[in-house]
Amino acid sequence: MAEPTPATSTFDQDFPKNYEHATVEPRWTASWEAQGLYRFDPESSAAKAGRVYAIDTPPPYVSAAHLHTGHAMSYSQAEFVIRYKRMRGHAVFYPMGFDDNGLPTERYVEQKYKIQKGKITRKDFIDLCLKETREGAEVYQQLWKSLGLSVDWRMTYSTIAPRAVKHAQRSFLDLVAKGRLERRADPILWCPTCATALAQADVEAGEEQNRPMHAVRFDIVTSAHLAGLPDHGIIETTRPELVTACVALACHPEDGRFKNLSGIHFQVPLTNLRPERLRADTDDGAVFGDGLLSAPGGEFRQVPLIFDESVDPEFGTGLMMVCTFGDPEDIAKWRTHKLDTQLILDAHGRMVTPNIPELNGKRVHVQEKGSAIYSEARAAAVELLRQYGHLLGIRDNASRASLHERCSTPVEIQVAPQWFIRVLDLKEPLLERGRALNWYPPFMRERYEQWVENLRWDWNISRQRFYGVPFPVWFCNGCETANFAELDEIPVDPLMQAAPRPCSACGSTDLRPEPDVMDTWMTSSLTPLINANWANWPQGALQGKSLECKENSGEFPDIRDQPRPALYPAGVRVQAHEIIRTWLFYTVVKSHLHTDSLPWRDVMISGWGLDRQGKKMSKRAGNFVDPAEVIGKYSADALRYWAAGATLGQDLRYLEDDVKGGKRLLTKLWNATRFAMQYVGTSLPTQAEEPTLADKWVRSELIEVIGQATQGFETYEYNRAVRAVERFFWDTWCDHYLEIIKERFRDGSRFNAGEVAAAQNTLVFGTYALLRVFAPILPFITEELYHKAIKPLLAQSPVSIHVAPWPAADDGQVDVLGGTIWPDAQEHGAVLRDLIGAVRAARTAGKIGGGRPLAMIYAQLPEAIVPLLPEVSRDWLAACRAEGVQLGALPDDLPAATLGELHVAIAVAELVEQA
RNA sequence: AGGCGCGUAGCUCAGCUGGUUAGAGCACCACGUUGACAUCGUGGGGGUCAGCGGUUCAAAUCCGCUCGUGCCUACCA
């Protein structure tokens with residue numbers, strides 16, 4: 001009989017009664033950092049064997065400085081799986097990135113410093129952006145560390161740093177070489193507030209609101225007026241201010257009302273207006289001042305009637321105004337019918353109508369208070385149309401505007417030369433890539449499919465902004481040829497560096513830099529390639545390498561800036577669902593074009609962090625909770641525990657009670673481990689063990705639970721893993737097993753030394769296994785407990801629980817105590833559990849506390865259970881602190897209970913003595 | 001307007017390929033706990049699994065429709 005090791009003062013010192021997360025967590029953060037525990041090691045055997053797991057998580061916009069528990073949630077969720085993979089023996093490559101180039105940062109700086117593009121020098125502006133970027137990154141890194149993210153901070157990238165710039169420029173040049181890039185002066189989406197071109201993905205639908213429909217009369221040109229035909233047509237439009245940009249009226253070819261009108265022309269209202277006083281004096285009209293009025297005096301511009309299948313005869317009057325440009329429909333008809341172009345908006349959304357002073361210079365869109373949008377240009381146009389008798393009516397009409405997602409301004413369409421990546425011809429191969437990717441959860445693929453199917457624009461990557469990756473391009477002032485930098489000349493900023501050679505076409509040395517910068521997604525779409533240092537790859541780096549997105553092959557130069565093709569394709573991309581159409585889509589495009597492969601094997605899509613009411617947390621809404629506060633109050637582990645409660649792909653509400661639940665779990669884990677170790681002592685038992693049913697049962701259950709947890713992590717369903725483990729721990733391990741074995745250590749007469757040794761082994765190895773399966777979720781307390789309780793007992797102990805082997809192997813074999821599952825142990829253990837439950841119910845019925853010994857348990861049991869009693873009864877009696885059991889009819893006068901088919905009554909010790 | 005997700009206890013949510021009496025946590029009630037528990041344990045109340053119809057020996061689960069809700073996409077000049 002081994003002596004139990006009771007709590008001593010030494011034990012209390014080594015193993016404090018309370019768990020202090022506020023001191024423990026920062027200590028381990030520092031320790032892990034000092035050891036370089038999470039560094040990617042290309043020399044490790046796992047890396048050399050090709051067991052590499054590279055992670056591509058979102059580089060947050062550091063400019064935002066608004067981290068909330070929603071961010072903490074999604075990064076934690078990714079990290080659960082990352083820690084699991086590390087324990088499975090993968091060489092984990094987990095870098096953090098910061099997205100600090102582009103429009104989001106510019107918008108932030110503009111708002112913070114109340115400045116605008118154009119009123120500050122390009123250099124000053126960029127300096128401010130860089131400053132905010134540095135400060136933001138610092139704050140973020142602090143939080144990520146306190147959250148326990150196992151990032152290799154040496155590998156951090158920034159999307160404005162030279163390495164990323166080089167990648168973006170190489171990507172550009174590679175696409176030029178592949179014939180994927182075009183410079184075109186197409187009509188493109190345009191933000192009048194930001195004064196830049198946009199891509200389709202930058203546009204979002206606004207709230208539905210009243211956007212009145214205006215009926216406008218177009219007179220038919222007199223010479224074409226035939227007897228019996230009408231003398232005018234009526235169109236309906238929500239954009240009356242664009243009437244003077246009309247280039248055609250369109251109808252459906254089968255529409256009977258217009259069939260006979262083939263060949264006729266209409267007069268465009270207001271185009272006959274001229275400024276009153278200066279009409280005779282000048283030709284160009286550039287000098288009109290305020291107070292001038294227009295008056296009829298010129299010729300009406302005439303536009304044809306065109307026939308187009310896309311016009312819906314049922315809509316409005318069946319006659320549609322085509323102007324340049326109100327919406328994509330206009331562009332389509334403009335293209336098909338080769339129509340004239342009448343541009344009347346400038347880059348800031350102001351009307352350019354020199355002949356109509358009342359309209360000229362007026363803003364098309366003005367953000368009013370609330371969500372209503374009032375347009376001064378529209379109001380003026382309506383007034384003019386009414387004045388000249390062209391406005392036939394206004395009716396209410398609900399629809400929604402397309403907004404620039406960064407500033408919520410309704411987008412316009414402009415024509416200006418831009419760089420485009422042709423993608424519209426790639427829909428099929430891109431859909432094929434989407435199908436080849438492993439989506440977790442699978443239904444998220446639908447979002448991708450729909451986006452690709454609905455693509456309507458090539459990817460415009462030009463932005464008329466300051467803070468972004470420059471195009472490595474100089475234009476020839478002589479012949480307008482675009483001259484590109486060579487691969488060995490990047491990264492380069494043409495605004496700072498003169499063209500390295502004369503124009504390739506005409507030999508001129510008169511070259512000017514491309515002033516535009518690249519779309520921010522041009523860079524962030526390269527994150528898997530940036531991590532692999534693709535821009536530094538030699539020719540043929542991927543040759544002979546499987547791009548099947550299976551396991552990666554080995555061979556790593558270990559210097560940070562060296563090419564690392566073995567990290568590509570990455571193992572997994574983790575991101576939220578709302579950027580499937582942007583980040584995920586663009587990354588797939590790039591990998592398809594650059595490497596003819598997928599960028600990663602798996603994609604894990606997380607949901608949103610919601611507030612208590614179920615609204616998405618955001619800075620703008622002001623409904624966010626600061627994760628640093630939560631960590632301070634409840635610990636990072638508790639916050640992570642909350643995050644682990646989300647079903648993959650589903651949103652999760654932030655409820656403080658759930659974080660408190662995590663804190664409770666930590667306390668329980670601490671106490672249970674501390675309790676267990678009191679009975680183990682300072683070394684493992686040498687006595688051969690003789691496990692009882694309780695030992696066999698709990699070990700068998702544990703093995704099953706480990707299997708469930710493994711299965712959960714393998715499919716990125718961390719919540720299944722944590723729920724299974726937590727339930728086992730609380731219910732089976734604490735409430736049953738630990739209660740059962742107390743008696744083994746308390747009363748030396750009941751159990752022999754082999755049985756005590758069995759309990760001690762179970763405690764040690766069960767605790768070790770539990771700590772390991774909890775470790776991905778609760779990295780801090782598991783590390784602390786591992787070092788306090790387990791590591792000193794093991795002969796060959798891992799330096800950290802986070803590099804300890806996962807307790808299950810690929811083939812499902814579990815290494816806990818030899819992985820033995822005893823036949824019938826789970827079934828018989830369930831009987832034991834029920835028998836204990838029945839007695840506990842009887843105690844409750846008789847108001848008898850669990851501490852009071854029982855003299856006798858009277859039991860009436862089903863036939864099938866009776867034969868199990870020899871195996872079950874000792875643990876049963878021990879758990880119930882009962883002297884004996886007697887089968888048969890139950891005495892009437894004792895506290896009794898029924899659980900299923902089990903009927904029991906109990907007699908406390910004193911009562912028996914008195915009887 | 002299409003697509004996807006969700007609708008299960010007062011609240012927040014699990015319930016994978018259909019199979020005992022539908023579960024957990026929180027909240028609530030009662031009882032017990034000076035021997036691991038800044039508490040914990042035991043027991044209890046509480047559900048038309050949104051609704052209707054279908055398939056099946058068997059449906060929270062599969063199918064159809066309807067309603068509500070959220071998101072994605074498209075938007076109608």
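We name chains A, B, ... by the order of the sequence lines, and we start the count at 1 in each one.
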Nearest to the side chain of A/Thr844, which nucleotide is it out of B/A14, B/G43, B/G35? B/G43
Indicate whether any N or O donor in one side chain lies under 3.5 Å from an N or O acceptor in the other, for A/Arg211 and A/Ser399. yes
Please state the C1' separation for the pair B/U55 and B/C65 - nearest whole angstrom. 15 Å
Describe the nucleic acid contact of A/Lys660 in one word from base, sugar-phosphate, nothing, applying a heavy-atom distance below 4.0 Å. nothing
Could you check which residues of residues 732-741 of chain A get a heavy atom under 4.0 Å from RNA chain B? Sort them by number, please. A/Cys734, A/Asp735, A/Leu738, A/Glu739
In whole Å, measure the gap between the C1' atoms of B/C16 and B/G53 for me. 27 Å
C1' spacing across the pair B/G43 / B/U48, given as an integer number of angstrom: 27 Å
Taking the side chain of A/Val311 as heavy atoms from C-beta outward, which of B/C72, B/A14, B/A77 is closest to it? B/A77
Just to be sure I understand the rule, does A/Trp608 reach a base, reach only the sugar-phosphate, or reach nothing, if contact means heavy atoms closer than 4.0 Å? sugar-phosphate
Donor on one side chain, acceptor on other, A/Asp312 and A/His252, under 3.5 Å: no
Testing the 3.5 Å rule here: is there a donor-acceptor pair between the side chains of A/Lys663 and A/Ser635? no
Nearest of B/A77, B/C71, B/U73 to any side-chain atom of A/Trp451? B/U73
Interatomic distance where CZ belongs to A/Phe218 and C1' belongs to B/A77 [whole Å]: 11 Å
As a test of reading the structure: which of B/A14, B/A36, B/C40 is closest to the side chain of A/Ala672, going by heavy atoms? B/A36
Side chains of A/Trp334 and A/Thr341, donor plus acceptor under 3.5 Å: yes
Any side-chain donor-acceptor pair under 3.5 Å between A/Gln200 and A/Trp459? no
Pick the P atom in B/A50 and in B/A59, then give their distance to the nearest Å. 15 Å
Nearest-Å distance once atom P is located in both B/G19 and B/A58: 14 Å
Nearest to the side chain of A/Asp327 - B/A77, B/G25, B/G3? B/A77
For nucleotides B/G46 and B/A24, find the distance between their P atoms and express it as a whole number of Å. 14 Å
Basic-acidic side-chain contact under 4.0 Å: A/Arg400, A/Glu204: no
Return yes if a side-chain donor-acceptor contact under 3.5 Å exists between A/Asp340 and A/Gln342, otherwise no. yes
Please give, in whole Å, the distance from B/G2 C1' to A/Arg447 CZ? 14 Å
CZ/A/Arg257: more than 12 non-hydrogen atoms of other groups inside 6.0 Å: yes
Could you check whether A/Glu329 gets within reach of a base, just the sugar-phosphate, or nothing at all, counting any heavy atom under 4.0 Å? nothing
Angle class for the A/Trp521/A/Tyr586 ring planes (parallel below 30°, perpendicular above 60°, tilted otherwise)? tilted
Select base, sugar-phosphate, or nothing to describe what A/Lys668 touches, counting heavy atoms under 4.0 Å on all strands. base
Grab the NZ-C1' distance between A/Lys616 and B/U69 for me, whole Å please. 18 Å
Classify the nucleic acid contact of A/Trp642 as base, sugar-phosphate or nothing, counting any heavy atom under 4.0 Å across all strands shown. nothing
Interatomic distance where CG belongs to A/Asp312 and C1' belongs to B/A74 [whole Å]: 15 Å
Between atom OH in A/Tyr654 and atom C1' in B/C26, what is the gap in whole Å? 14 Å
For the side chain of A/Met320, counting heavy atoms from C-beta on, which of B/A77, B/A36, B/U73 is nearest? B/A77
Contact class for A/Met444 (heavy atom, under 4.0 Å): base, sugar-phosphate, or nothing? nothing
As a test of reading the structure: which of B/A77, B/A74, B/A36 is closest to the side chain of A/Ser399, going by heavy atoms? B/A77
By nearest atom, which of the nucleotides B/C26, B/C4, B/A77 is closest to the A/Asp657 side chain? B/C26
Polar side chain donor-acceptor pair, A/Thr898 to A/His903, under 3.5 angstrom: yes
Are a donor atom and an acceptor atom from the side chains of A/Tyr718 and A/Gln77 found within less than 3.5 Å of each other? yes
What is the separation between atom NZ on A/Lys663 and atom P on B/C40, rounded to the nearest whole Å? 11 Å
Is the number of heavy atoms from other residues, nucleotides or ligands within 6.0 Å of NZ (A/Lys427) greater than 12? yes
Plane angle bin for A/Tyr448 and A/Phe585 - parallel if under 30°, tilted between 30 and 60°, otherwise perpendicular: tilted
Students often get this wrong, so: under 4.0 angstrom with heavy atoms, is A/Phe315 touching a base, only sugar-phosphate, or nothing? base
Is A/Gln200 touching bases, backbone alone, or none of the nucleic acid, heavy atoms closer than 4.0 Å? sugar-phosphate
Considering every strand shown, what is the Watson-Crick or G-U wobble mate of B/C71 when both distances are under 3.5 Å? B/G3
N/O-N/O pairs, protein side and nucleotides 10-12 of chain B side, under 3.5 Å:
unit_1, atom_1, unit_2, atom_2, d
B/U12, O3', A/Arg653, NE, 3.4

Between A/Glu449 (CD) and B/C72 (P), how many Å, whole number? 19 Å
Nucleotide B/U33, atom P - distance to NZ of A/Lys847 in whole Å: 12 Å
Nearest to the side chain of A/Arg840 - B/A77, B/G3, B/U42? B/U42
Does either side chain, that of A/Tyr737 or that of A/Glu701, offer a donor lying less than 3.5 Å from an acceptor on the other one? no
Any base atoms under 4.0 Å from A/Gly316, or only sugar-phosphate, or nothing? Heavy atoms, all strands. nothing
Can you tabulate the close N/O pairs, meaning under 3.5 Å, that link protein atoms to atoms of nucleotides 15-23 of chain B?
unit_1, atom_1, unit_2, atom_2, d
B/C16, O4', A/Arg720, NH2, 3.1

Cut-off 3.5 Å, side chains only: do A/Thr732 and A/Arg833 have a donor facing an acceptor? yes
